[in-house]
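The sequence lines fix the lettering, A, B, ..., with proteins before strands; numbering per chain opens at 1.
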Amino acid sequence: MYAIELKDVVKDYTQCGQPAVDKLSLRVSHGEIVTLLGPSGCGKTTTLRLIAGFERADSGSIYLAGSAVSDGRRFVPPERRGIGMVFQDYALFPHLTVAQNVGFGCKAAERATRTREMLALVGLPDFGDRYPHQLSGGQQQRVALARALAPRPVVVLLDEPFSNLDADLRGQMRSEVKRILNQAGATAVLVTHDQKDALAISDRIVVMCGGTLQQEGTPREIYQFPENRFVASFVGESNILCGKVGDSGNTVQTLLGEVPCSHTHDKPPGSQVCVSIRPESLELDPHGQVAGVVKEYHYSGQSIDARIETLGEFPQELTVHIHPEHSAQIGDTLRFRILPEFVAVIRAEETIKTIA
Amino acid sequence: MTSDNKAAITPATTRHNPWVRLWCGKPPSLFLLGIATAVTAVMAIPIIYVLIQGVQADPARWRLLLDQRIPALLQRSLGLAVTVTSLALLVGAPLAWLVTRTDLPGRDVWHWLLALPMVIPPYVGAMTYIIVFGPRGLMWRSFGSTFLDVYSFTGVSLVLASFTFPYVFLLASSSLRRMNRNYEEAAAVAGLSPAQALLRVTLPLLRPALGAGALLVALYVLADFGAVNMLRYSTFTTAIFYQIGSFDQSSAAILSVVLVSLTVLLLYLENRAKAGVRYSSVRGTWHCRQPVRLGKLKPLAMAFVTTVFLFTAVLPLAVLIFWSVTGIANGALDQRFFGFALNSFVTAGAAALIAGILALPVVYLRRRHPGAVSAFLNRLSYTGYSLPGVIVALGMIFLFNNYVRFLYGTAFMLILAYVVRFMPQSLQATETALSQVPPQLEEAAQSLGFSPGRVLRRVTAPLAVPGVMAGVSFVFVSALKELPATLLLRPAGMDTLAVRIWIEASEAFYHSAAPAALLIVLLSILPLKWMLSKY
């Protein structure tokens, strides 16, 4: 039994053939933290609102803790689904104190104890008497999380939880939210367009685009082995090259030459494929196989992000990250070697499209 | 997740359910829809009934009126509306600019003071002008000349413009305040002088707000009965009033059809202007900018502002206070006065409460269950908006006379007329109040296990109440000031403050009229606070 199960869910607001969510199927196990990741308009928020019951699916079924909450026959309204939700702007009730907000959904008998427990869990034990407007952004978020967790929901849904926080606080709240969710043993579905949020907090990431699922997997799987061009370029940066699987099966023959690749989807030698090469897998090496001229670069502190043009018969533009201890000037010729761990063959149908 | 509640768990296949699709996937409960529809019907039926009566009237009578009365009335009504609107623009727009953009001394105070004339009902204003400038008035007795013939077209225009220009002033200054000042700075950078920037950048951006203000004034003039009647000028409203008084309801209905057509035309124009206001009021980053220096023109600007204030606020208020003191010294605050006040408070209070309560289902339906149906109901419940009181009264007379005889001539009929006429104010205030409760708050409560009814009680209501109360106070004050419908519908022997002012003033017993008028003015100041914070 899954905490959440979606089967072929369709939601079409406009009824004009481009559904917001298109035949989406998804399973979330108990205690898992799953992130729906995608650009705006990819259907991730709609999926969240369908699970919550704020929107009705046009077809397909949704199960929470094994029982159907939305299918062809029935629709359970949000207040009867036993979910907790953290809204993008927190939606704390401005007319209630922090304690009243946290205890809002609890049964009267356990309200006081539960409120205390939750405020302690989120690290705000002495803030019960304040009003939401007297809290900072990070504190408001903790209260929103405490309020969502207090009634012991089947699942907690978080809609863009970090988008209203500034960069410093964001990193801090990512680990804090993860700690709180794990400590509460909660099942959580989180929606974000920020890959850093997704990679940092999730047990599993679901990448969405155009209302459909593109790839699901652990953060490492998603980043190291993107399955298609969209995932490769949306989650992190990538260089995509076309080529042929080499004879040994763990290299790909490209315009850069023989590229080592540990993730070839077991394609037989000789098949046409594309590879995604992360900038991190191009390492500066005076004896490396790839040589290129720096066309432009910018210094970000942690690294030098440069575009290089390879030498040779068929010049290619590549993005590389150079360690900031080195210096690079436009026009310099640099050599790189390719680390196999961050090279992945991307899905075949994408390959065909690219070649055509 | 129990299934005992049938209303809560409903079929979910929406793709093929036209009812659910009509509501964009969120159909309301039938209970809410039923109440909202009933409220809307009550709001719209009286006026629709008048229109039907008018359209179906004897063609011979139509011809007679079209030949003899309507052309003259059109000319008089439109002439007055155009003149007053132009005057209001000429006074209101420069004042708005002076108060928001220049180094005029005491700008913040002027913003308040120049809104003050709005709380003086034009018929009370007219009375004070008659006292001062009328034949045998204060001027005539002091200087031997009246300076101004209040009973002339000029007199009527000046009086009406004096008490309506704040609409233009407030809308224009609110628009100026919100206007992104980067536009003006961009104009300056592009080499335009302040005067050129004013003409080529600020004024075009201000045009929608000025249009909206002008149309409000025009609507007001078309609907006004008290002031034009006291100043003996005849328009559609007074003509309809006297036709009803002489029991010629069918002529009254015909004239109403023409007047409603005019009003609808203006409303259409106002709607278009409003859409423009929203478009242009892009908020910029707010900075405290250097105001335009008036320099040598400062005394001139001060003289202008002071003169307007003197004639539109100081003069009427001073006259009212003087005559009130005289009246009170002569025992004007007697048993009868308190009786009139009580009548006023009870009818206006009842109307305000009813309007406040009835607005809730209509607005709630529109905001939380958007769709064609709720938009239509919402529009329909605004029918009474800025329609003259005489037409609402005529609708009430028709309906109660034909269908609810046993309530004919009771205070209930009058209260209902107030509700129909002023409900839009309550609708607007409630709409604003509800829009300040973001839907996420309701969704948050729902996700915490609260049914829609409990969400309404625990979250929406506590947050929306202040705004709803503002609406109630608007309706209360408007009903308190209302004159024509009150004159036509009040039960025999039940006079209100407004009615007494009209009767006493028409017999030149100003010391009896003044205390009631002053009381109404003072009470009207209360909602001004909300209005000013809104604009």
(message) Quick check: closest heavy atoms across A/Phe104 and B/Ala445, and the distance to 0.1 Å?
(response) CE2-CB, 3.7 Å
(request) Please state whether the side chain, the backbone, both or neither of A/Leu92 comes within less than 4.5 Å of a heavy atom of chain B. (result) backbone
(request) Against chain A, label B/Pro439 side chain, backbone, both or neither, depending on which of its atoms sit under 4.5 Å from a heavy atom there. (result) neither
(message) Please check if the number of heavy atoms outside A/Asp166 that lie under 6.0 Å from its CG is greater than 12.
(response) yes
(request) Please tell me if the side chains of A/Phe54 and B/Ser447 come closer than 4.5 Å, counting only heavy atoms from C-beta onward. (result) yes
(request) Could you look at A/Phe93 and say if it's the side chain, the backbone, both or neither that has a heavy atom under 4.5 Å from chain B? (result) both
(message) Tell me the closest heavy-atom pair linking B/Ala444 and A/Ala91, and the distance in Å.
(response) CB-O, 4.1 Å
(message) Are there over 12 heavy-atom neighbours, none belonging to B/Phe345, within less than 6.0 Å of that residue's CZ?
(response) yes
(request) Against chain A, label B/Leu441 side chain, backbone, both or neither, depending on which of its atoms sit under 4.5 Å from a heavy atom there. (result) both
(message) Once rounded to the nearest 0.5 Å, what's the spacing between atom CG of B/Leu463 and atom CG of A/Leu96?
(response) 8.0 Å
(request) Search all heavy atoms of A/Gly105 against all heavy atoms of B/Phe450 and return the closest pair with its distance. (result) CA-CE1, 4.1 Å
(message) Looking at B/Arg454 and A/Glu79, is any side-chain nitrogen of the basic one under 4.0 Å from a carboxylate oxygen of the acidic one?
(response) no
(request) Decide yes or no for B/Glu443 and A/Arg49: does some side-chain heavy atom of the first lie under 4.5 Å from some side-chain heavy atom of the second? (result) yes
(request) Please say whether more than 12 non-hydrogen atoms of neighbouring residues, nucleotides or ligands are located less than 6.0 Å from NZ in A/Lys178. (result) yes
(request) Select one option (side chain, backbone, both, neither) describing which atoms of A/Asp159 are under 4.5 Å from chain B's heavy atoms. (result) neither
(message) Could you go through B/Gln446 and A/Met85, starting from their C-alpha distance and side-chain angles, then the distance that decides it, and tell me whether this counts as side chain to side chain contact (heavy atoms under 4.5 Å, CB included)?
(response) CA-CA 10 Å; B/Gln446 227 184 334; A/Met85 182 132 177; over 6 Å; no
